[in-house]
Amino acid sequence: MRAVVLLLLVASACAEVYDRCELARILKANGMDGYWGISLANWMCLAEWESHYNTDAIHHDSDGSTDYGIFQINSRWWCNDGHSVTSNACGISCSELLNPNLSVAIECAKRVVRDPNGISAWVAWRTHCQGQDLSSYVAGCGV
Ligand SMILES: *[C@@H]1O[C@H](CO)[C@@H](O)[C@H](O)[C@H]1NC(C)=O
């Protein structure tokens, strides 16, 4: 029993996989619904396909850069991971994008969509969300 509790504590300190509706409520409470004209369902679809709502998600890209966190934000342009060339437009360390507290990731995602490419910056959004019926991503969440 003690071992189980300890394991749970360790897991929750390192990573958080959000429940769909829990994430929808957090994004909404942080002003994402309608931000830069982008609906909550679009943000949810993007997060589902980029990270499966896992704040710990990390993917290495072929150009040597890395994508971090729930929105898979890239080190080439948006954050500094200390070992690759970056514009660091969000002015943050990439590891901050892995925090279960989503404040930094949300602010950085807002910065990304203010760029001319907008939400099209996310390949997974173009592939899985653009032009689709996205109502299922927020259905039943009361948001
Ligand atoms: C992150 O933590 C700060 C300070 O505790 C809190 O004010 C903020 O609401 C949290 N952000 C989210 C998205 O939970």
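Please read all numbers here as calculations on a predicted model, not as lab measurements. Computation of the quantities below employed the complete heavy-atom set of this structure, encompassing side-chain atoms and omitting hydrogens, waters and symmetry-equivalent molecules. Read the numbers this way: they start at 1 and go in the same order the structure lists the ligands and their atoms.
At a distance under 4.0 Å, a protein heavy atom can be found next to atom 2 (O) of ligand 1.
The pair E107-K110 counts as a salt bridge, with a side-chain nitrogen and a carboxylate oxygen less than 4.0 angstrom apart.
Scanning the protein for heavy atoms near atom 11 (N) of ligand 1, the closest one is S103 OG, 2.7 Å. Protein heavy atom at the shortest distance from atom 4 (C) of ligand 1 is N101 ND2, 4.4 Å.
Within the 4.5 Å cutoff, the side chain of I106 has heavy atoms near those of the M32 side chain. Looking at heavy atoms from C-beta onward, D67 lies out of side-chain contact with I73 at the 4.5 angstrom threshold.
Considering backbone and side-chain N/O of N30, none are found under 3.5 Å from N/O of ligand 1.
Remark: SG of C79 is not found under 2.5 Å from SG of C90.
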